[in-house]
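Model, not experiment: these values are computed from the prediction.
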Amino acid sequence: MTEPDRYAHVRYLVDDVQAAVDFYTTHLGFSVLTSAVPAFADVVRGPLRLLLSGPASSGARATPRDAAGPGHNRIHLVVDDLDAEIDRLRAAGSEFRSELVSGPGGRQILLADPAGNLVELFQPR
């Protein structure tokens, strides 16, 4: 596998790159791959490379204003114990954007990162 194919890449536009890095590494098990704070950093978890682009980054500057807001997409993280994750993240002061929802495939809840981007925590049945 070539280096560019090693990860699935997702870019999130964030207001504060360091706050986003802290959120993803402290609460969701990501590790820093590279950092050019305050403009940009990327964090990884398994095969996901999350590009965190601040206002000064080229990725943010190339985005049209009407498409620059958070919340239109979300990453989907599978967890083993959703209730324990909810308790842990609530205790850490994280902001949830939905109630717990159950469906035929499992249960999920939406969490917001510091910029308002959504993260879906999902526990399969």
Side-chain angles (χ1 to χ4, degrees):
M1 180 179 327
T2 64
E3 187 61 30
D5 296 330
R6 183 174 177 192
Y7 299 110
H9 307 265
V10 175
R11 182 182 309 279
Y12 269 174
L13 303 180
V14 299
D15 298 329
D16 182 330
V17 174
Q18 188 61 58
V21 168
D22 293 346
F23 175 80
Y24 285 100
T25 59
T26 300
H27 301 299
L28 298 176
F30 283 78
S31 12
V32 175
L33 186 62
T34 57
S35 177
V37 171
F40 171 84
D42 57 349
V43 294
V44 295
R45 175 178 162 169
L48 173 61
R49 177 179 174 230
L50 188 56
L51 297 90
L52 303 169
S53 297
S57 71
S58 59
R61 291 192 319 267
T63 305
R65 283 188 192 266
D66 63 347
H72 299 286
N73 294 300
R74 62 185 182 233
I75 59 172
H76 172 97
L77 301 178
V78 176
V79 299
D80 292 327
D81 186 343
L82 184 57
D83 296 317
E85 289 298 312
I86 292 169
D87 291 344
R88 181 181 67 79
L89 291 161
R90 278 205 174 113
S94 295
E95 177 189 1
F96 286 91
R97 297 296 309 273
S98 75
E99 297 298 320
L100 183 62
V101 176
S102 294
R107 300 181 316 136
Q108 66 186 30
I109 194 165
L110 297 180
L111 174 71
D113 77 6
N117 292 299
L118 296 178
V119 176
E120 177 183 325
L121 302 178
F122 178 81
Q123 181 179 358
R125 282 204 187 274

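Without hydrogens or angle criteria, Asp113 side chain to Leu118 main chain gives no donor-acceptor distance under 3.5 Å. Listed for the His9 side chain is a donor-acceptor partner under 3.5 Å among the backbone atoms of Tyr7. Under a 3.5 Å cut-off, the side chain of Ser94 and the backbone N or O of Arg90 do not form any donor-acceptor pair. For Arg74 (side chain) and Asn117 (main-chain N/O), no donor-acceptor pair under 3.5 Å exists by modelled atom type. One N or O on the side chain of Arg88 and one on the backbone of His27 form a donor-acceptor pair closer than 3.5 Å. Looking only at distances, no side-chain donor or acceptor of Thr26 sits under 3.5 Å from a matching main-chain atom of Phe23. Gln123 places a side-chain N or O within 3.5 Å of a backbone atom of Leu82 that can act as its donor or acceptor partner.
Atoms CD1 and CZ, on Ile109 and Phe122 in that order, are 13.5 Å from each other to the nearest 0.5 Å.
Closest approach of Val14 and Pro55 over heavy atoms only: O-CD, 3.4 Å. The minimum heavy-atom distance linking Ser102 with Arg107 is given by the pair OG-CG, 3.3 Å. Across all non-hydrogen atoms, the minimal contact from Ser57 to Ala39 is CB-O, 3.4 Å.
Residues Val21 and Val119 share a hydrophobic cluster, clusters being chains of Ile/Leu/Val/Met/Phe/Trp/Tyr side chains in contact below 4.5 Å. Hydrophobic cluster membership differs between Leu110 and Leu28, with clusters built from Ile, Leu, Val, Met, Phe, Trp and Tyr side chains linked at under 4.5 angstrom. In this structure, Leu111 is not a member of the same hydrophobic cluster as Val78, with clusters built from ILVMFWY side-chain heavy atoms closer than 4.5 Å. Leu50 is not connected to Leu33 by any chain of hydrophobic side-chain contacts under 4.5 Å among Ile, Leu, Val, Met, Phe, Trp and Tyr, and they are in different clusters. Hydrophobic clustering keeps Leu52 apart from Val44 (ILVMFWY residues linked when any side-chain heavy atoms are closer than 4.5 Å, directly or through intermediates).
Atom CG of Asp81 is surrounded by more than 12 heavy atoms from other residues, nucleotides or ligands within 6.0 Å. For CZ of Arg97, the number of neighbouring non-hydrogen atoms (other residues, nucleotides, ligands) closer than 6.0 Å is 12 at most.
Hydrophobic cluster of Leu51: the remaining members, joined at side-chain heavy-atom separations below 4.5 Å, are Phe40, listed by chain and number.
At least one cation-pi condition fails for Arg45 and Tyr24: the charged atom is not both under 6.0 angstrom from the six-membered ring centre and inside a 45 degree cone around its axis.
The shortest distance between side-chain heavy atoms of Leu100 and Asp83 falls below 4.5 Å. A 4.5 Å side-chain heavy-atom check between Leu121 and Gln108 finds every atom pair outside the cut-off. Taking 4.5 Å as the limit, some side-chain heavy atom of Thr25 sits within range of a side-chain heavy atom of Val43.
Sorted by first and then second residue, the side chain to side chain donor-acceptor pair (under 3.5 Å) pairs with a member in residues 30-40 read Thr34-Asp42; sequence neighbours excluded.
One side chain, Arg11 or Ser53, offers a donor N or O that lies under 3.5 Å from an acceptor on the other.
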